[in-house]
Amino acid sequence: MAEMMIKKERPRNLDLASLRSYKLPLPGKVSIFHRVSGAGLFLMLPVILWLFQASVTSPETFAVFQGLVASWPVKLILAGLIWAYAHHFCAGIRFLLMDVHVGVDKPQARKSAAAVFAVSIPLSIILWGVLL
Amino acid sequence: MGGSAVINRIVVGAHYGLKDWVAQRATAVIMAVYSVILAAVLLVFRPSTFEAWQAVFANGVIKFFTFLFFVSLFYHAWIGVRDIWMDYIKPVGLRLTLHVLTIAALVGYAAWAAAILWRL
């Protein structure tokens, strides 16, 4: 029995080709999007700081900020950042709850993963409508 | 021998402790609470002009908590980005370089955030 367990070799390392046929369960999607959204937010930090600076510094820089956020390329970037923040926020709360042992077993973890998307996607759409 | 643990340590590892794990969660809670409170403040005051928008962040209390948010964000980002480098970048030299560049960027952002806020 012990030998069988060892032969299973977990965790499995999947190569890129087999990733295409491997269906990631919903909690896995929450997890990888948490990482992708975090990485995206990190990479865009200079843009976020620059925009924040322009918005609060002076009436002149505020006008530049307003002109930029009215343009479609910037709106597209901000739309992505809003989704990234909303997803990272919701998935983060799920992970924090799991850290204190809330919803750790599989059926509950599936439900809470679905809840993350059920909240973060409508929240993103509402924030797009309000802010962009 | 107790010494073996020291010998096996990796320079670009995760410090083998709870500190970063706790820090990542603590900073996450600070940012989440700040996000909700700032959203509430903006919903109540609805700043529609530059003067009103600037006044929100020029307020001493909000300025303090905004800076706390930024510092939390940069610390949180350090742990998260370091985890990404540790997962995907195997050569020690390259990983160390990326760690140093990440820290340098985040320390720079913290100074930048302080400069933005304390000029208000």
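Everything numeric in this text was worked out from a predicted model, so none of it was measured. Just so it is clear: chains get the letters A, B, ... in the order the sequence lines come, proteins before strands, and each one is counted from 1.
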Exercise for the section: Give a yes or no on whether B:Phe65 atom CZ has more than 12 heavy-atom contacts from other residues, nucleotides or ligands under 6.0 Å away. Expected result: no
Practice task
Starting from the C-alpha separation in whole Å, work towards a yes-or-no answer on side chain to side chain contact (heavy atoms under 4.5 Å, CB included) for A:Asp99 and B:Trp21.
Solution key: CA-CA 10 Å; A:Asp99 285 340; B:Trp21 188 92; 3.7 Å; yes
Handout entry: Common cluster, A:Leu127/A:Ile125, ILVMFWY with side-chain heavy-atom separation under 4.5 Å
Key = yes
Completion exercise
Given B:Phe57, B:Trp53, B:Trp112, the one with more heavy-atom pairs under 4.5 angstrom with chain A than any other is B:Trp112
Handout entry: Contacting region of B:Tyr109 [heavy-atom separation from chain A under 4.5 Å]
Key = both
Exercise for the section: Decide, yes or no, whether a salt bridge links B:Asp87 with A:Arg35 under the criterion of side-chain N to carboxylate O below 4.0 Å. Expected result: yes
Exercise for the section: Please indicate whether B:Trp118 has more than 12 foreign heavy atoms, meaning atoms of other residues, nucleotides or ligands, lying under 6.0 Å from its CH2. Expected result: yes
Problem - A:Leu131 reachable from A:Leu81 in the ILVMFWY side-chain graph, under 4.5 Å edges - result: yes
Exercise for the section: Look at the aromatic rings of A:Tyr85 and B:Phe69 and report parallel, tilted or perpendicular, splitting at 30° and 60°. Expected result: tilted
Problem - In one Ile/Leu/Val/Met/Phe/Trp/Tyr side-chain cluster, 4.5 Å: A:Leu43, B:Val81 - result: yes
Handout entry: Which atoms of B:Arg119 approach chain A - backbone, side chain, both or neither, heavy atom under 4.5 Å
Key = side chain
Handout entry: Rounded distance (nearest 0.5 Å) linking atom CZ of B:Arg25 with atom CG of A:Leu96
Key = 7.0 Å
Practice task
Could you tell me the separation between the NE2 atom of B:His76 and the NE2 atom of A:His88, rounded to the nearest 0.5 Å?
Solution key: 4.0 Å
Exercise for the section: Assert yes or no for the condition that the ring centre distance of B:Phe50 to A:Phe65 is strictly below 6.0 Å. Expected result: no
Completion exercise
Pair count under 4.5 Å, heavy atoms only, with chain B: among A:Leu49, A:Leu41, A:Ile93, A:Leu45, highest is A:Leu49
Practice task
Tell me, yes or no, whether the heavy-atom count around B:Lys90 atom NZ, taken from other residues, nucleotides or ligands under 6.0 Å, exceeds 12.
Solution key: yes
Handout entry: Heavy-atom proximity to chain A below 4.5 Å, by part of B:Ile84
Key = both
Practice task
Kindly indicate, with the supporting measurements, whether the criterion side chain to side chain contact (heavy atoms under 4.5 Å, CB included) is fulfilled by A:Phe52 and B:Phe70.
Solution key: CA-CA 12 Å; A:Phe52 177 65; B:Phe70 276 125; 4.0 Å; yes
Fill in the blank from the handout: Answer key: most heavy-atom pairs under 4.5 Å with chain B among A:Ser55, A:Gly38, A:Gly92, A:Ala63 is A:Ser55
Exercise for the section: Please answer: with hydrophobic residues joined when any side-chain heavy atoms are less than 4.5 Å apart, are A:Trp72 and A:Leu78 in the same cluster? Expected result: no
Handout entry: 4.5 Å side-chain heavy-atom contact, B:Thr102 and A:Phe42
Key = yes
Completion exercise
Among B:Ala113, B:Ala28, B:Ser35, the residue with the most heavy-atom pairs under 4.5 Å to chain A is B:Ser35
Handout entry: Shared hydrophobic cluster, A:Leu97 / A:Val104 (ILVMFWY, side-chain heavy atoms < 4.5 Å)
Key = no
Exercise for the section: Please determine which of B:Thr66, B:Val56, B:Leu117, B:Ile116 meets the side chain to side chain contact (heavy atoms under 4.5 Å, CB included) test together with A:Val56. Expected result: B:Ile116
Handout entry: Structural part of B:Ala32 lying under 4.5 Å from a heavy atom of chain A
Key = both
